Student: 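I have a structure I would like to understand better, so I am pasting it below and will then ask my questions one at a time.
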Amino acid sequence: MASIATLDALNTAVRRAVDEATITDIHTHLFPPSHGDLLLWGVDELLTYHYLVAELFTVAPADLTYEAFWAMDKIAQADLVWKHLFLEASPLSEARRGVLTVLQRLGLDPADRDLGRIRRWFAQQDEEAYLEKVFDLAGLDYAVMTNNPVKCNEVKHFDAGAPIPARLRTALRIDDVVLNFASCRPIIASQGCAAGDGTIEGAAAALRGWMGGWIDRIDPVYMAASLPCSWAYPVDDAATRMIDHVVCPLAVERGLPVALMIGVNRQVNPALGDAGDAVAPCDVNSIIRLVAAHPDVKFLVTTLSRVDQHALAVAGRKFRNLHLFGCWWFCNNPSIINEMTRQRLELLGTGVTVQHSDARVLDQLIYKWSHTRRIVADVLVDKYADAHHTGWRFTPDEIARDVRQIFGGAFEDFRAR
Ligand code: FIX
Ligand code: ZN
């Protein structure tokens with residue numbers, strides 16, 4: 001294939017490659033249609049996304065209490081969000097703009113501001129066909145779910161053998177077990193694991209058996225935990241023991257990566273529910289000590305605070321068992337995605353997964369990936385131009401190869417290594 005001679009042609013080729021790339025979404029909170037009401041979709045779920053609930057209470061009248069809001073049904077909550085965040089204030093925030101992008105990409109003109117019409121359109125959709133449509137519009141091959149073995153409302157669907165479409169793969173979520181083992185003991189015991197009431201070291205073999213049973217059952221892409229900003233390693237606590245004696249040995253035995261999302265400052269405002277978490281810098285040196293202590297374990301890591309990103313990207317250059325992914329949650333905003341993606345490409349080249357969606361509502365895949373594609377294209381145009389200026393010339397195939405790498409290819413390579 002001929003190499004690209006001019007900067008204009010390079011710009012066009014890069015944007016086309018990003019537009020056409022198939023993306024693997026390596027972390028979401030989606031579920032298959034067979035898991036009933038766990039799969040969220042449609043305009044009312046979009047409007048009541050916890051990012052928007054947090055925004056609502058930045059402008060809502062003082063007489064709207066948290067309690068009154070949570071006591072409302074979903075439609076009334078969505079009506080309030082629409083009124084306060086779209087009609088009475090312009091939808092400039094990323095989460096608000098996201099709702100509009102979804103409507104636009106579905107062919108529903110947001111300009112007429114008619115929520116009733118939008119609701120009627122969604123009511124006519126068939127869930128399974130709609131899931132396919134969303135994945136096609138987002139340009140994804142598959143998305144990785146979050147599957148928690150100690151949540152009864154999730155477990156019951158696996159017990160029932162509910163089918164999972166090829167668009168979704170599982171991930172075994174283990175933070176409850178790692179961080180709150182004591183409170184998980186009864187449910188783990190109810191699943192046949194005699195983990196006793198002694199130490200984690202004493203229960204480690206039984207716990208590895210229990211988690212291994214879940215791995216056999218759901219065939220996860222990785223095990224995953226979200227860890228607080230206060231997390232430190234190694235320390236004399238249950239989390240360190242669980243990581244050292246249960247999670248890491250099992251990861252080696254099963255050849256499964258461990259995904260860690262670090263930096264949440266949980267429930268600073270519990271009245272907001274899922275929207276009540278905040279962020280604080282984490283200890284990147286603990287991540288370094290962890291990946292150094294377990295060189296045979298593959299770690300996928302993302303951190304929540306913007307200020308940790310540079311140190312984490314440098315750490316990513318030091319350890320072949322550390323793969324960076326995503327602009328997580330409060331980092332999933334255009335200005336920060338732009339900065340983080342530049343920084344990562346400058347320090348790590350294409351050996352990184354630049355984004356995941358964290359979608360909780362199916363339709364969000366459409367906006368999260370459409371917004372990300374545009375930002376990543378802007379960044380890549382600059383990076384290819386910088387290299388072009390040296391006299392190096394690229395082919396369209398090479399650009400398509402690189403783009404696929406940062407949108408899932410590097411993740412697959414890391415898993416396979
Ligand atoms: O812990 C996590 O996986 C977080 O991503 C979520 O729980 C969080 O609430 C979220 O939705 C972020 O986007
Ligand atoms: Zn998440």
Side-chain angles (χ1 to χ4, degrees), residues 24-31 38-41 45-57 70 93-99 102 138 143-151 153-154 168-180 220-231 239 257-280 282 299-306 308 324-334 336-337 340 353-369 371-372 411:
T24 305
D25 192 342
I26 76 166
H27 170 59
T28 75
H29 297 265
L30 301 178
F31 292 92
L38 292 181
L39 172 60
L40 306 181
W41 62 281
E45 297 295 353
L46 284 170
L47 288 171
T48 53
Y49 185 32
H50 68 70
Y51 293 25
L52 289 173
V53 171
E55 288 180 36
L56 172 67
F57 282 100
W70 293 121
S93 75
E94 176 63 4
R96 289 182 232 185
R97 171 186 164 225
V99 175
V102 172
V144 181
M145 302 182 279
T146 296
N147 306 97
N148 191 327
V150 296
K151 283 200 172 156
N153 62 340
E154 297 187 26
L168 294 166
R169 307 263 328 250
T170 61
L172 188 65
R173 183 77 174 222
I174 53 173
D175 22 321
D176 287 329
V177 186
V178 169
L179 298 172
N180 297 309
V221 175
Y222 53 71
M223 294 183 269
S226 157
L227 301 171
C229 49
S230 56
W231 173 74
V258 177
L260 299 176
M261 294 169 279
I262 310 165
V264 186
N265 192 5
R266 285 263 179 235
Q267 294 295 283
V268 296
N269 183 357
L272 277 172
D274 279 346
D277 296 339
V279 54
C282 71
F299 292 96
L300 299 155
V301 174
T302 194
T303 50
L304 194 52
S305 171
R306 174 180 177 235
D308 291 332
L324 270 49
F325 75 97
C327 302
W328 181 28
W329 199 347
F330 307 115
C331 286
N332 194 348
N333 286 308
I336 303 179
I337 301 167
M340 280 175 65
T353 302
V354 293
Q355 187 60 301
H356 67 271
S357 76
D358 234 307
R360 280 178 176 264
V361 181
L362 173 63
D363 331 49
Q364 290 169 342
L365 293 176
I366 299 172
Y367 92 75
K368 299 220 182 199
W369 286 113
H371 293 187
T372 285
F411 167 74

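One-based numbering along the sequence shown. Source: prediction; values computed, not measured. Start at 1 and go down the list; that is how both ligands and their atoms are numbered.
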Student: Looking only at heavy atoms, which two atoms of L46 and L52 are closest? And how far apart?
Tutor: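 Closest pair (atom of L46, atom of L52, distance): O-CD1, 3.4 Å.
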
Student: Starting from atom 2 (C) of ligand 1, find the nearest protein heavy-atom neighbour and note its residue, name and distance.
Tutor: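 Of every protein heavy atom, R173 NH2, 3.4 Å lies nearest to atom 2 (C) of ligand 1.
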
Student: How close do F325 and M261 get, counting heavy atoms only, and between which atoms?
Tutor: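 Closest approach of F325 to M261, heavy atoms only: CZ-CG, 3.9 Å.
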
Student: Let me check something: any side-chain donor-acceptor pairs from residues 220-230 under 3.5 Å, sequence neighbours excluded? List them with distances.
Tutor:
| from | atom 1 | to | atom 2 | distance (Å) |
| --- | --- | --- | --- | --- |
| Y222 | OH | I26 | O | 2.5 |
| S226 | OG | R266 | NH2 | 2.8 |

Student: Suppose we screen for side-chain contact (heavy atoms from CB on, under 4.5 Å). Which residues come up paired with R306, at least two apart in sequence or across chains?
Tutor: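 With sequence neighbours excluded, R306 shows a side-chain contact (heavy atoms from CB on, under 4.5 Å) to I336, E339, given in chain and number order.
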
Student: Looking at G273, is its backbone amide N or carbonyl O close enough to the side chain of Q267 to form a donor-acceptor pair, meaning the two atoms are under 3.5 Å apart?
Tutor: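 Yes; judged by distance alone, with no hydrogens or angles, the pair exists.
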
Student: Tell me how many protein N, O or S atoms are closer than 2.8 Å to the Zn ion (ligand 2).
Tutor: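 For the Zn ion (ligand 2), the figure is 3.
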
Student: Examine the proximity of ligand 1 to R266 and report which part, side chain or backbone, both or neither, has a heavy atom under 4.0 Å away.
Tutor: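 Side chain only.
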
Student: Going through the distances and angles, do W329 and D277 end up as a side-chain contact (heavy atoms from CB on, under 4.5 Å)?
Tutor: CA-CA 11 Å; W329 199 347; D277 296 339; 3.4 Å; yes

Student: For atom 10 (C) of ligand 1, which candidate among M261, H356, H50, H27 holds the nearest heavy atom?
Tutor: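 Selected option, by shortest heavy-atom distance: H50.
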
Student: Just jot down the ligand 1 atoms closer than 4.0 angstrom to any heavy atom of S226, in number order.
Tutor: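 Per the distance check, 1 (O).
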
Student: Does this structure show an ion pair linking D358 with R360, if we count only N-O contacts that are shorter than 4.0 Å?
Tutor: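 So D358 does not pair with R360 through a salt bridge.
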
Student: When you measure from atom 7 (O) of ligand 1 to every protein heavy atom, which one gives the shortest distance, and what is it?
Tutor: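 Heavy-atom neighbour on the protein nearest atom 7 (O) of ligand 1: R360 NH2, 2.8 Å.
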
Student: State, with a plain yes or no, whether a side-chain heavy atom of I262 is found less than 4.5 Å away from one of D308.
Tutor: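 Contact flag for I262/D308 side chains = no.
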
Student: Compute the shortest N/O to N/O distance between D274 and ligand 1 and return yes if it is under 3.5 Å, no if not.
Tutor: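 Between D274 and ligand 1 (N or O atoms, distance only) the closest approach is not under 3.5 Å.
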
Student: With sequence neighbours excluded, tell me which residues meet side-chain contact (heavy atoms from CB on, under 4.5 Å) with T48.
Tutor: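 T48: side-chain contact (heavy atoms from CB on, under 4.5 Å) contacts with E45, K74, Q77, A78.
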
Student: Starting from atom 13 (O) of ligand 1, find the nearest protein heavy-atom neighbour and note its residue, name and distance.
Tutor: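 Nearest neighbour among protein heavy atoms for atom 13 (O) of ligand 1, to 0.1 Å: Y51 OH, 2.5 Å.
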
